[in-house]
Amino acid sequence: MPRKKHPNKEIEEALQYAEGNQWRIENSKGHPFAQMYCPFKDACETCESNGKWCRVGIWSTPRNTANHARDIKKIVDRCIRKREENNNE
Amino acid sequence: MNEYQFELTFKLPQEVDPDQYFAALEKYCSDAMIGTGQTGYMAFDFNRESTSAYEAIVSAVADVKKVIPKASLVEATPDFVGLTDVAELLGFTRQYMRKLMVKSGTAFPSPVHEGKSSIWHLSNILVWLKENKKYEVEDTLIDVANVNKKFNLIKELSEVNDGNQNNIRELIAS
C-alpha cells in the first residue's frame, strides 16, 4: 500500500529525498506520522551511530516543520556519507 | 531565545517497545528526531528553543522522563570527542587539528583518555581555542558542550558511592 503524503510540503519533500536514497517510509497507526528505515540495515555494525539512526520517527506536527525537514535530510546524508567512506576503505 | 542542538541517548527498561511512547512524545519532544534503530535504546536529536543551554537540556531530559519514567540517560552529545569529531564540528581538517595539538604541547587541554584514539571533553577544547587561539566558536555550542559534560560526569559519579570519594578527591586535586 502506498504511504500517505505528509500534509506539510517541506517535510513531504524531505521524505521524497529519503526515498530517492532508498530509505523506506512506513505509515504507522496514530502518531507519529511514519517511521523511516535505513536501506543499509546490514551495515549497522560499521555505522557511526551503531544503528541508532537506522529507524527514525517522523512527526505529523513537529514543533518546527523547517527543522524537521532539514533533520530528515541530515540523517539521510550522514548515512550515505558513512556508507561511501566504508566503501572507499 | 536561542536554539540549542544536542543529542540524548536513553536506555529503555527491559523488553519495552519504544513505539508505545511516540504518541505521548509528540506532545513533549516534537522538537527532536527520535532514532530507535538500536534495540533497547532511544536516541533524541533535539533542536530546542530556550533561554539557556542548561534550561534546554534539563527540560529535554525531564520531558523524556515524563513519558518514560524508567528511561536512563546513557550519554549527552556532543561532549566526549576525538580530534576528528572536533575537526568536523569546526570545519577544520583532522591534520590541522592534530598540528594545533602537537604544536601547543602541554598548553592543549588534557584528554580524558589517552591511547590509540584519545578522547577529550569538547568544551575544554572549544574554550581553549576561543581564549588562547582567538578562534570564533559559537557560544551556543560551547554552552551545550559544557552542560553535556556536567550531565555525563555527574551520571558517572553517581556510580561512585563509597567512603573513599573525599580521599581520592583530595589526592588528585591540583
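Keep in mind that the numbers below use all heavy atoms, side chains included, and drop hydrogens, waters and symmetry copies. In what follows, chains carry the letters A, B, and so on, assigned in the order in which the sequence lines appear, proteins first and then strands, with residues in each chain numbered from 1. Please read these numbers as outputs of a predicted model, since none were measured by experiment.
- The shortest non-hydrogen separation linking A/Gln35 to B/Asp19 is NE2-OD1, 3.8 Å.
- A 6.0 Å sphere centred on NZ of B/Lys65 holds more than 12 heavy atoms belonging to other residues, nucleotides or ligands.
- Between the side chains of A/Asn64 and B/Glu49, no donor-acceptor pair of N or O atoms lies under 3.5 Å.
- Surrounding CD of B/Glu138 are at most 12 heavy atoms belonging to other residues, nucleotides or ligands under 6.0 Å away.
- With respect to the salt-bridge test (charged N to carboxylate O, under 4.0 angstrom), the residues B/Asp45 and A/Lys52 do not qualify.
- Neither B/Tyr41 nor B/Tyr21 shares a network with the other; the hydrophobic side chains, linked directly or stepwise wherever heavy atoms of I, L, V, M, F, W or Y lie under 4.5 Å apart, form separate groups for each.
- Neither the backbone nor the side chain of B/Ala24 comes within less than 4.5 Å of any heavy atom in chain A.
- Under a cut-off of 6.0 angstrom, the local environment of CD in A/Gln16 is crowded, with over 12 non-hydrogen atoms contributed by other residues, nucleotides or ligands.
- Around atom NZ of A/Lys5, no more than 12 heavy atoms belonging to other residues, nucleotides or ligands sit under 6.0 Å away.
- Residues A/Trp53 and B/Met33 share a closest heavy-atom pair of CH2-O, 3.4 Å.
- Scanning both residues, A/Thr61 and B/Glu26, for their nearest heavy atoms gives N-OE2, 2.9 Å.
- With A/Trp59 contributing its side chain and B/Asp31 its backbone, the two residues share no donor-acceptor pair below 3.5 Å.
- One hydrophobic cluster holds both B/Leu8 and B/Tyr54 under the rule that ILVMFWY side chains link at heavy-atom gaps under 4.5 Å.
- Within a 6.0 Å sphere centred on NZ of B/Lys66, other residues, nucleotides and ligands contribute more than 12 heavy atoms.
- To the nearest 0.5 angstrom, B/Gln5 atom CD is 7.5 Å from A/Asp71 atom CG.
- Residue A/Ile75 touches chain B through its side chain alone, counting heavy-atom pairs closer than 4.5 Å.
- A donor-acceptor pair is defined here as one N or O able to donate and one able to accept, closer than 3.5 Å; such a pair exists between the side chain of A/Arg63 and the backbone of B/Tyr28.
- Nearest heavy atom pair, residue A/Pro32 against residue B/Phe22, reads CD-CB, 3.3 Å.
- The 12-atom threshold is not exceeded at NZ of B/Lys11, counting heavy atoms of other residues, nucleotides or ligands nearer than 6.0 Å.
- Looking at B/Thr39, there are no atoms closer than 4.5 Å to chain A (heavy atoms on both sides), in backbone or side chain.
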